[in-house]
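To keep things clear, I will list the structure first and then write my remarks on it.
First listed ligand is number 1; within each ligand, the first listed atom is number 1.
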Amino acid sequence: MLRNCFALSRFEPMEKILNFINGDLLAPISNQFLDNVNPATGEVYSHCPDSDERDVELAYAAAESAFLGWSEMPATDRSKILLKIAKLIEERNDELALAESIDQGKPLWLAKLGEIPRAQSNIHFFATAIEHFASESHAMGNHAINYTLRTPIGVVGCISPWNLPLYLFTWKIAPALAAGNCVVAKPSEITPMTAYLFSKICKDAGLPKGVLNIVHGMGPKVGSALVAHEKITTISFTGGTKTGAEIARIAAPMFKKLSLELGGKNPNIVFADCDFEKTVKESVRASFTNQGEICLCGSRIYVERSIYERFKIAFVEQVAALSVGDPLTDTTKVGAIVSKLHFDKVLSYIELAKEEGGHILTGGKAKLMDGRCANGFFIEPTVIEGLGHLCRTNQEEIFGPVVTLQPFDTEEEVLEMANSTPYGLACTVFTENLTKAHRVSSKVKSGIVWVNCWLLRDLRTPFGGVKQSGVGREGGWEALRFFTETKNVCVKY
Ligand code: NDP
């Protein structure tokens with residue numbers, strides 16, 4: 001099995017990842033590289049450029065000189081190139097999925113069936129959307145007309161995180177490119193491999209030089225150079241709330257256009273009138289998919305008291321049965337935690353939960369592995385009960401395979417608990433009562449609500465959070481509007 005997987009790979013072990021600037025694959029100017037670790041084995045398996053502001057400057061210059069040609073190219077022609085990129089992602093699905101699994105720690109089947117196909121859809125979606133993108137006109141009686149122009153901005157910066165590396169990278173760059181901008185992008189230095197493979201795809205698809213530039217390296221060096229660059233006036237960022245605040249601090253006085261998709265601490269509300277079996281199954285999926293390292297994962301599960309014990313028994317039984325292990329094995333449901341640093345952080349939150357009086361129902365510790373994964377970063381899926389909703393465990397983002405269970409008695413009480421954190425990204429509600437579903441959805445403070453499902457995504461819908469989960473929306477027209485400059489023209493006749 002493992003041999004077959006590796007045979008699918010087109011990248012060599014210990015390969016040096018390179019920046020993608022002006023259509024070329026380049027070492028960073030410093031010629032310094034960072035170790036890139038496979039979280040399932042704990043071993044360094046490739047090297048990532050440790051770029052700095054000089055590489056960002058080079059990338060900016062390439063993007064700036066490509067801008068005129070790309071922005072003036074008819075949308076249908078841009079669309080054709082992007083569709084070719086989408087096609088190549090589809091053809092290289094297995095290679096990309098393997099790279100993502102090795103780099104990030106997620107199960108290979110999940111990367112193959114979920115993440116990489118979604119990266120393909122992101123590009124395909126915006127490649128076709130741009131052909132239908134239109135703007136408004138407003139007639140003023142019969143004496144004047146306003147029309148709105150939406151034009152490409154110029155060179156934009158896109159910064160993405162490590163949890164869904166290619167998926168979130170393409171979610172940003174696809175609308176930016178489709179709208180006619182040139183991009184300087186920075187993937188997470190923790191998971192750079194698929195962005196590197198993507199740069200090869202762009203070359204093969206004939207994307208004109210300089211239209212997309214990918215600079216690998218550390219956030220405080222490359223990311224902040226992008227944010228502070230005086231000619232890059234638009235930044236789209238997905239990552240942690242603390243980093244988002246730092247970006248806003250630098251960008252706000254420069255009056256940059258900002259889209260910030262930040263952290264979450266999402267409530268999962270289970271009413272007694274839910275479809276019980278489906279709810280338990282979907283709640284397990286919402287809690288532990290991708291090791292709980294999805295900003296949309298539910299991490300606070302509130303269950304109506306009359307079914308609390310029944311739910312707890314069924315939920316814990318299913319969680320305990322999840323197989324944690326080698327991401328390259330087909331039966332693995334929960335893979336490795338992305339890095340040693342994050343592994344330590346998640347474990348420290350489990351310790352905190354115990355100190356705060358939490359009772360571990362299942363999991364609660366690192367999972368020790370044999371064989372090639374003996375030094376990997378694995379944590380047992382963990383369910384905790386007995387904590388109040390205002391304790392740190394229930395207020396701070398853990399971003400790992402850890403959830404808490406709490407009973408509630410009334411709709412008002414659960415809404416108060418659900419809305420009690422500084423975050424407001426997503427919420428899941430399980431009930432068969434339609435009126436209650438609508439009422440609770442309208443009162444929950446979050447940018448996204450799923451009723452009787454989780455992570456059911458239509459790329460046309462607005463995506464983003466409220467409070468400290470972010471500013472702005474991505475997806476559909478929202479993304480194309482963000483990546484264009486708006487001008488109103490009023491003509492009197
Ligand atoms: P970080 O905020 O640490 O990093 C995100 C990106 O920003 C990385 O590329 C990082 O580089 C870069 N970065 C770090 N510091 C700076 C800086 N000072 N200036 C500019 N860029 C910087 O987030 P994580 O990668 O740890 O991702 C996890 C977080 O992302 C979680 O909080 C999660 O909730 C959130 N997230 C939100 C989503 C949403 O849609 N709302 C979706 C997915 C994740 P480097 O990796 O080199 O540090």
Quick test of your reading of the model: are R92 and D204 salt-bridged, counting only N-O distances below 4.0 Å?
yes
For atom 13 (N) of ligand 1, which of the options C295, S339, G219 provides the nearest non-hydrogen atom?
G219
Between atom CD of Q406 and atom NE2 of H389, what is the distance when rounded to the nearest 0.5 Å?
7.5 Å
Select one of side chain, backbone, both or neither to describe which atoms of L164 lie under 4.0 Å from any atom of ligand 1, heavy atoms only.
neither
Identify, by atom number and element, the atoms of ligand 1 in contact range of M218, meaning under 4.0 Å from any of its heavy atoms.
47 (O)
Give me the ring orientation class for Y60 and H229: parallel if the planes are under 30° apart, tilted from 30 to 60°, perpendicular past 60°.
tilted
List ligand 1 atoms under 4.0 Å from G240, heavy atoms only on the residue side.
1 (P), 2 (O), 23 (O), 29 (C), 30 (O), 32 (O)
Is there side-chain contact between E115 and K106, with at least one heavy-atom pair below 4.5 Å?
yes
For L168, counting its heavy atoms only, list the atoms of ligand 1 lying under 4.0 Å from any of them.
42 (C), 43 (C)
Using the six-membered ring of F288, assess whether NZ or CZ of K333 lies under 6.0 Å from its centre and within 45 degrees of the ring axis.
no
Minimal heavy-atom distance between L82 and A127, with the atoms involved, is CB-CB, 3.6 Å
Nearest protein heavy-atom contact for atom 15 (N) of ligand 1: which residue, which atom, what distance?
T243 CG2, 3.3 Å
Can you check which of G263, S469, C297, S160 brings a heavy atom nearest to atom 8 (C) of ligand 1?
S160
Of all the non-hydrogen atoms in the protein, which one sits nearest to atom 34 (O) of ligand 1, and at what distance?
E397 OE2, 2.5 Å
For ligand 1, is any non-hydrogen atom under 4.0 Å from N163's backbone (N, CA, C, O), its side chain (CB onward), both, or neither?
side chain
Taking a cutoff of less than 4.0 Å between a non-hydrogen atom of the residue and any ligand atom, is G217 in contact with ligand 1?
yes
Which protein heavy atom lies closest to atom 7 (O) of ligand 1, and at what distance to 0.1 Å?
F237 CE1, 3.2 Å
min-distance protein heavy atom vs atom 21 (N) of ligand 1 -> G223 CA, 3.5 Å
Could you check whether atom 4 (O) of ligand 1 has a protein contact, counting only heavy atoms that fall below 4.0 angstrom?
no
Could you label the plane-to-plane angle of the F377 and F343 rings as parallel, tilted or perpendicular, counting under 30° as parallel and over 60° as perpendicular?
tilted
Check ligand 1 against P187 and write out every atom of the ligand that is under 4.0 Å from a heavy-atom position of the residue.
9 (O)
Sub-6.0 Å ring centroid separation between W171 and F125:
no
Distance under 6.0 Å and angle within 45° of ring axis: K203 vs F20
no
Atom 27 (O) of ligand 1 - nearest protein heavy atom and its distance
P161 CB, 3.3 Å
Under 3.5 Å, N or O to N or O, is T238 touching ligand 1 that way?
no
Quick one: are R78 and L207 in side-chain contact, heavy atoms under 4.5 Å?
no
Ligand 1 contact by G464, heavy-atom criterion under 4.0 angstrom:
no
Using a plain distance cutoff, I'd like to know if I247 has any nitrogen or oxygen under 3.5 Å from a nitrogen or oxygen of ligand 1.
no
Just let me know how H342 lines up against ligand 1, side chain, backbone, both or neither, with a heavy-atom cut-off below 4.0 Å.
neither
R457, CZ: over 12 other non-hydrogen atoms inside 6.0 angstrom:
yes
Looking only at heavy atoms of S224, does any of them come nearer than 4.0 Å to an atom of ligand 1?
yes
With a 4.5 Å cut-off on side-chain heavy atoms, are V449 and V429 touching?
yes
Could E282 and R285 be called an ion pair, given the rule that one side-chain N must be under 4.0 Å from one carboxylate O?
yes
Have a look at ligand 1 and work out which part of L262, if any, has a heavy atom under 4.0 Å from it: side chain, backbone, both or neither.
backbone
Taking atom 25 (O) of ligand 1 as the reference point, the nearest protein heavy atom with its distance
W162 CD1, 2.9 Å
May I ask you to identify the nearest protein heavy atom to atom 11 (O) of ligand 1, giving residue, atom name and distance to one decimal place in Å?
K186 NZ, 2.9 Å
Check whether any side-chain heavy atom of V338 lies under 4.5 Å from a side-chain heavy atom of N163, and answer yes or no.
no
Just need the protein heavy atom nearest to atom 40 (O) of ligand 1, so name the residue and atom and give the distance.
F463 CE2, 3.2 Å
Does any N or O atom in S188 lie less than 3.5 angstrom from one in ligand 1, N or O only?
yes
Closest heavy-atom approach to atom 18 (N) of ligand 1 among K242, H216, E246 is made by E246
Does K112 pair with E90 as a salt bridge, N-O distance under 4.0 Å?
no
